[in-house]
A.B. asks: 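Sharing a structure below in structure tokens format, with a few things to ask.
Note on naming: letters A, B, ... go to the chains in the order of the sequence lines (proteins, then strands), and numbering restarts at 1 for each one.
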Amino acid sequence: MQEYLNGLNEPQREAVTHIKGPLMIVAGAGSGKTKVLTTRIAHLMNNGVDAFNILALTFTNKAAAEMKERIERILGNAEARNLYIGTFHSVFARILRAEAHRIGYPNSFTIYDTDDSRSVIKTVVNELNLDDKHYKPNVVGSRISSAKNALVGPAEYATDYYIQQEDMRANRPAIAQIYAAYANRCFKNGAMDFDDLLLKMYELLKNFPEVLHKYQHKFKYILIDEYQDTNPVQYQITKLLAAVHENICVVGDDAQSIYSFRGATIENILQFQKDYDDVKVVKLEQNYRSSQNIIHVANEVIKNNKGQIPKNLWTENKQGDKIVLVRTMTDNDEGRFVADCIQEQKLRYHFYNKDFAILYRTNAQSRSFEESLRRMGIAYRIYGGVSFYQRKEVKDFLAYLRVIANTRDEEALKRIINYPVRGIGKTTIEKCVIAANEQNISMYEVVSRAGEFGFKAGTLEALQNFHTMIRYFQSMLTNTNAYDVAIQVGKHTNLVKELFNDKTTEGLARYENIQELLNSIKEWTESPSNEDGELGDKSLGSYLQQITLLTDADDDKGEQDAVKMMTIHAAKGLEFECVFVGGVEETLFPSGMSINTREELEEERRLFYVAVTRAKQKLWLTYANARYRFGQLVQNDPSRFIEEMPEQYIDKTYAGGGARNNAGSDMGSAFERMQRGFGFGGSSNAAAAERKYGPPPSRKPSSKPEYLPVQPPAAKVVAHVPSADFVASDTSQLQAGQKVEHQKFGFGTVSSVEGSAHNPVATIQFEKNGEKKIMLNYAKLRIV
DNA sequence: TTGGAGATTTTTTTT
DNA sequence: AAATCTCCAA
């Protein structure tokens, strides 16, 4: 008997060993879903299914790579490299690359990221003489994206009564026109946006029976992870692919559906049973991840949602700690609390940095956490946000490569035609675009035939030089790999040199980024196989196509001992020993944008459910009375989700005061209690904690974190034992020049008092700990 | 044509 | 607070 089956519980084994026919796995959070998927694939292969006939669609490329690795370990051979595993987008991009000629695209078509796509929309809006203030690229773009995800093309969009009504009501009747122009322009540019990778794949299968036939018979077994987050195009594609063999296995949890803004619909998972006869349904309800308390809270909150697949998530794990609710004055206090708390937990329970995750609803919230962690000297890594490949200098460099691989790519061409500056200004670019539109040729072709369009001598020369350079790069394309081309681009454009000569801090960072980019291209070129196991294709085109689809989660720089910070969306599928969820406030979580309909609110609640169920042992929910938004302090109420959690599982020690308007509470503000308790107060330093709890274990974290604390000056507080007679003085009249004693920082001299009358802030020069800004309303100071 | 000062806008969430 | 856009002088 195959021993890999032994580690499975009953329903898991059922899911793994069901080989023929449609299978739906309803997998609760932490129920061993990945294990089931990998074991199932291994089991299929062990039972004679050829790896080449298996397609597995995952949510991130990293998940795909991990699965491959685990399967190899189970099987003990390298067969897994032949599997087709990847995200919808990367798998389809690969197929489209092979079939591009059928639909009029170059096989090295460009993949536009969101920025590129918005930029094209803006161009198109202006060309149609519409106001881009009213037809905002973001608004129009998301409208187009929804249409594509729902399989609505430009023609149908323009004639659909309901859609048109909506656009009329929003006073944006021209969106249909923009959609059509946008689609045309993308095609003309030889480019696909993210949605096109799905839509064109669908059209390919729909319009070319021989292609459909080919892939139907190639993919005899199909597995789809995170099925609750698939949208109608993805649904239709998989339905087409699975139509012959019907060996389709979907895994999902309706309670974790959090991508409706991307067109995902729970309908897909609810519909699955009706689509095929004889669907086997397996429910995985035992949670192996979290404590009893965490599971109870999660279950209780999600009950407030209507209409779900009934299930009962349970665990045999121990009860665990209560969920800690934390209220602070501002977002900065929130950051400080979390950083202090991590420090304390590490000392007390011997956790490593990597055991902690800070999750939040919006990327912008990372700032205050980042600052506090840095001050404390705690290593951290932020996932998401602006990714490496979105940085301006990186995009600029890549734009060269894009033009070389695909001259139709007008977006890229416009980016680089005058970068570095070579005297081809806005007017000239506009002229080129207009000429291109008139003649119905690409902008690049105008540049290449610049002599025919009556440019001034100087301009003409600049254009011709540019064209000669690009042609030179292209001549290397056929017999050189991506890295060699990139190096030549760096040399001949003077880009690298120019950045090198820029000695400002930002210039230096930009230079380093380009170096890193070149290194990563080199690494990619030299690695034996691509991420999907395809051997050999080290061309520039191949490189460019995978680069756009990489996400931050994918570039895993090894297990680092760093606190992880990311949005809740990005945390899907992950787990951590200790989790902080920040900004649990009305208008933030649930988002102010998503409280207008029941559906929206329920999705926010599912998001809350996802956040809570990421934690294995410990969970903190923090919220601030007020936080900065657009540089202004705004008040917020605690999130409604807090009230939905049963009291008995909640520790409210830190949830009392905080607000000034809550003076009746005898708890004192969270900040005050923090000072009384851990982190502050002279005695609770590392040495004391070590005396009390013993030395940290010798197990070493595996590698260096990406963000090692740069300068840890503030982190190392020189311990101060307060005077025996320490009594906080009335500091309302505090003035510059006075000497004071602080419980933690020791003696110092006030250098200034600023801030509003309600919230005075003193800058104090401490003898041992340097300059600190102290909020007088909260800090306890003794005037000496 | 270029670059910079000042004005304006932006925050959901992501492949 | 930060990023992007607009306008103007050189």
Side-chain angles (χ1 to χ4, degrees), chain A residues 57-64 86-93 111-119 122 132-133 136-139 141-142 145 148-149 192-199 226 229-231 233-234 257-264 331-332 359-368 371 383-387 389-392 418-430 456 458-459 462 546-554 566-572 583 587-595 600 603-604 606-608 610-611 627-634:
Chain A
L57 297 166
T58 59
F59 206 69
T60 62
N61 291 305
K62 188 184 167 197
T87 61
F88 276 91
H89 291 85
S90 65
V91 165
F92 295 167
I111 297 173
Y112 279 163
D113 66 15
T114 310
D115 288 342
D116 299 321
S117 151
R118 296 299 183 262
S119 163
K122 202 174 165 191
D132 64 7
K133 286 272 156 16
K136 290 192 187 127
N138 269 324
V139 176
S142 63
S145 176
K148 287 185 176 179
N149 284 320
M192 299 195 197
D193 64 18
F194 288 134
D195 304 316
D196 285 333
L197 293 177
L198 308 175
L199 191 62
E226 308 284 7
D229 285 319
T230 53
N231 60 35
V233 208
Q234 294 170 321
S257 162
I258 54 174
Y259 277 94
S260 73
F261 68 92
R262 217 162 79 183
D331 47 352
N332 292 324
L359 309 181
Y360 34 77
R361 179 67 237 270
T362 66
N363 281 306
Q365 286 167 259
S366 67
R367 204 209 79 250
S368 60
E371 278 172 12
Y383 292 81
V386 178
S387 88
Y389 297 103
Q390 282 172 353
R391 305 219 174 118
K392 188 184 171 297
N418 198 31
Y419 175 84
V421 176
R422 51 173 75 87
I424 304 177
K426 220 169 66 187
T427 330
T428 311
I429 294 176
E430 245 161 53
K456 276 191 299 194
T459 314
Q546 49 105 40
I547 210 76
T548 319
L549 298 173
L550 282 184
T551 62
D552 238 23
D554 295 331
M566 65 190 86
T567 64
I568 301 164
H569 282 90
K572 193 171 77 152
T587 75
L588 195 59
F589 192 14
S591 159
M593 318 290 286
S594 305
I595 44 174
E600 285 172 349
E603 176 146 326
E604 293 289 307
R606 290 193 294 269
L607 198 52
F608 187 78
V610 170
R627 70 174 59 237
Y628 283 93
R629 208 171 194 205
F630 303 138
Q632 273 200 316
L633 204 60
V634 289

A.B. asks: Heavy atoms only, 4.0 Å cut-off, all strands: where does A:Thr428 land among base, sugar-phosphate and nothing?
C.D. replies: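 Sugar-phosphate: the residue A:Thr428, judged by heavy atoms under 4.0 Å, touches backbone atoms but no base.
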
A.B. asks: Take atom P in C:dT4 and the same atom in B:dT13, then report the distance between them in whole Å.
C.D. replies: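 Rounded to whole Å, the distance is 15 Å.
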
A.B. asks: By centroid distance (under 5.5 Å) and plane angle (under 30°), are A:Phe261 and B:dT13 in a stacked arrangement?
C.D. replies: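 Stacked: centres under 5.5 Å apart, planes under 30°.
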
A.B. asks: Of all the nucleotides listed (B:dT1, B:dT13, B:dT11), which has the minimum atom distance to the side chain of A:Thr427?
C.D. replies: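 Ranking B:dT1, B:dT13, B:dT11 by closest atom to the A:Thr427 side chain puts B:dT1 first.
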
A.B. asks: Whole angstroms only, please: what is the CG-C1' distance between A:Leu550 and B:dT14?
C.D. replies: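 These atoms are roughly 14 Å apart.
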
A.B. asks: Taking C:dT6 as the reference, what is the distance to B:dT11 when you measure between their P atoms (whole Å, please)?
C.D. replies: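 So the two P atoms sit 16 Å from each other.
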
A.B. asks: Measuring only between side-chain heavy atoms, which start at C-beta, is A:Phe88 closer than 4.5 Å to A:Thr230?
C.D. replies: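 In short, these two side chains touch, coming nearer than 4.5 Å.
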
A.B. asks: Answer yes or no: is there a side-chain heavy-atom contact under 4.5 Å between A:Asn363 and A:Thr567?
C.D. replies: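 Of all side-chain heavy-atom pairs linking A:Thr567 with A:Asn363, at least one is under 4.5 Å.
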
A.B. asks: Side chains of A:Asp331 and A:Gln365: closer than 4.5 Å at any heavy-atom pair?
C.D. replies: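 A side-chain contact under 4.5 Å is absent here.
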
A.B. asks: For the side chain of A:Val421, starting at C-beta, report the closest nucleotide among B:dT15, B:dT2, B:dT10.
C.D. replies: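 Between B:dT15, B:dT2, B:dT10, the one nearest the side chain of A:Val421 would be B:dT2.
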
A.B. asks: Expressed as a whole number of angstroms, how long is the span from A:Met593:CE to B:dT12:P?
C.D. replies: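 Taking CE of A:Met593 and P of B:dT12, I get 4 Å after rounding.
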
A.B. asks: Is any side-chain N or O of A:Thr567 closer than 4.0 Å to OP1 or OP2 of B:dT14?
C.D. replies: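 Yes, within the criterion.
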
A.B. asks: May I ask you to say what A:Lys572 touches in the nucleic acid, namely base, sugar-phosphate or nothing, with a heavy-atom cut-off under 4.0 Å?
C.D. replies: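 Since no nucleic acid heavy atom lies under 4.0 Å of A:Lys572, the category is nothing.
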
A.B. asks: Given B:dT10, B:dT1, B:dT15, identify the nucleotide with an atom nearest to the side chain of A:Lys136.
C.D. replies: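 Nearest to the side-chain atoms of A:Lys136, counting from C-beta on, is B:dT10.
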
A.B. asks: Across the strands shown, which category fits A:Asn363 at heavy-atom distances under 4.0 angstrom: base, sugar-phosphate, nothing?
C.D. replies: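 The answer is sugar-phosphate, as A:Asn363 gets under 4.0 Å only of primed atoms, P, OP1 or OP2.
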
A.B. asks: B:dT15, B:dT10, B:dT13: which one has an atom nearest the side-chain heavy atoms of A:Arg262?
C.D. replies: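 That would be B:dT15.
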
A.B. asks: Taking the side chain as every heavy atom from C-beta outward, state whether A:Leu198 and A:Phe92 have any pair of such atoms under 4.5 Å apart.
C.D. replies: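 Heavy-atom side-chain distance check passes, below 4.5 Å.
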
A.B. asks: With A:Lys572 as the cation and A:Tyr259 as the aromatic partner, state whether NZ or CZ is under 6.0 Å from the six-membered ring centre and within 45° of the axis.
C.D. replies: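 No, cation not above the ring by the 6.0 Å, 45° rule.
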
A.B. asks: Give a yes or no on this: more than 12 heavy atoms of other residues, nucleotides or ligands lie within 6.0 Å of atom OH of A:Tyr419.
C.D. replies: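 Result for OH/A:Tyr419: enclosed.
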
A.B. asks: Should the pair A:Arg367-A:Glu371 be classified as a salt bridge under the 4.0 Å nitrogen-to-oxygen rule?
C.D. replies: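 Salt bridge between A:Arg367 and A:Glu371, a charged N being under 4.0 Å from a carboxylate O: yes.
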
A.B. asks: Could you check whether A:Tyr259 gets within reach of a base, just the sugar-phosphate, or nothing at all, counting any heavy atom under 4.0 Å?
C.D. replies: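 If one applies the 4.0 Å heavy-atom cut-off, A:Tyr259 turns out to touch the sugar-phosphate alone, with no base involved.
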
A.B. asks: Are A:Phe194 and A:Leu549 packed together at the side-chain level, in the sense that at least one heavy-atom pair is separated by less than 4.5 angstrom?
C.D. replies: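 A side-chain contact under 4.5 Å exists here.
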
A.B. asks: Could you check how far CD1 of A:Ile547 sits from P of B:dT15, rounded to whole Å?
C.D. replies: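 After rounding, the reported distance stands at 14 Å.
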
A.B. asks: Let me know, please, whether A:Ile424 or A:Ile258 comes out on the 5' side of the other along DNA chain B by nearest nucleotide.
C.D. replies: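 This one resolves to A:Ile424.
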
A.B. asks: Of the candidate nucleotides B:dT11, B:dT1, B:dT14, which contains the atom at the shortest distance from the side chain of A:Asn138?
C.D. replies: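 Output: B:dT11.
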
A.B. asks: Base, sugar-phosphate, or nothing: which does A:Lys133 touch, judged by heavy atoms less than 4.0 Å apart?
C.D. replies: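 Sugar-phosphate contact only.
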
A.B. asks: Flag the pair A:Leu607 / A:Phe589 as yes when at least one side-chain heavy-atom distance between them is below 4.5 Å, and no otherwise.
C.D. replies: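 Answer yes - side chains close enough.
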
A.B. asks: Rounded to whole angstroms, how far apart are CD on A:Gln632 and P on B:dT10?
C.D. replies: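 It is 16 Å, rounded to the nearest whole Å.
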
A.B. asks: I want to verify a distance call: between B:dT15, B:dT11, B:dT12, whose nearest atom is closest to the A:Ser594 side chain?
C.D. replies: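 Among the listed nucleotides, the one closest to the side chain of A:Ser594 is B:dT12.
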
A.B. asks: Take atom OH of A:Tyr383 and atom P of B:dT14, then tell me their distance rounded to the nearest Å.
C.D. replies: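 Answer to the nearest Å: 15 Å.
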
A.B. asks: On DNA chain B, compare the nucleotides closest to A:Arg422 and A:Arg118; which residue's is nearer the 5' end?
C.D. replies: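 Nearest nucleotide further toward 5': that of A:Arg422.
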
A.B. asks: Find the distance A:Arg361:CZ to B:dT12:P and express it as a whole number of Å.
C.D. replies: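 After rounding, the gap between these two atoms is 9 Å.
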
A.B. asks: Tell me the interatomic distance from A:Leu588, atom CG, to B:dT11, atom C1', rounded to whole angstroms.
C.D. replies: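 Checked: the CG to C1' distance equals 9 Å.
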
A.B. asks: Where the side chain of A:Asn418 is defined as all heavy atoms beyond and including C-beta, which of B:dT2, B:dT11, B:dT15 is the nearest nucleotide?
C.D. replies: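 Among B:dT2, B:dT11, B:dT15, the one nearest the side chain of A:Asn418 is B:dT2.
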
A.B. asks: Output the rounded distance in Å from NZ (A:Lys426) to P (B:dT2).
C.D. replies: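 In whole Å, B:dT2 P and A:Lys426 NZ are 11 Å from each other.
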
A.B. asks: Using a heavy-atom cut-off of 4.0 Å to chain A, what are the terminal contacting nucleotides of DNA chain C, in 5' to 3' order?
C.D. replies: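 Contact boundaries, 5' end first: C:dA1 to C:dT6.
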
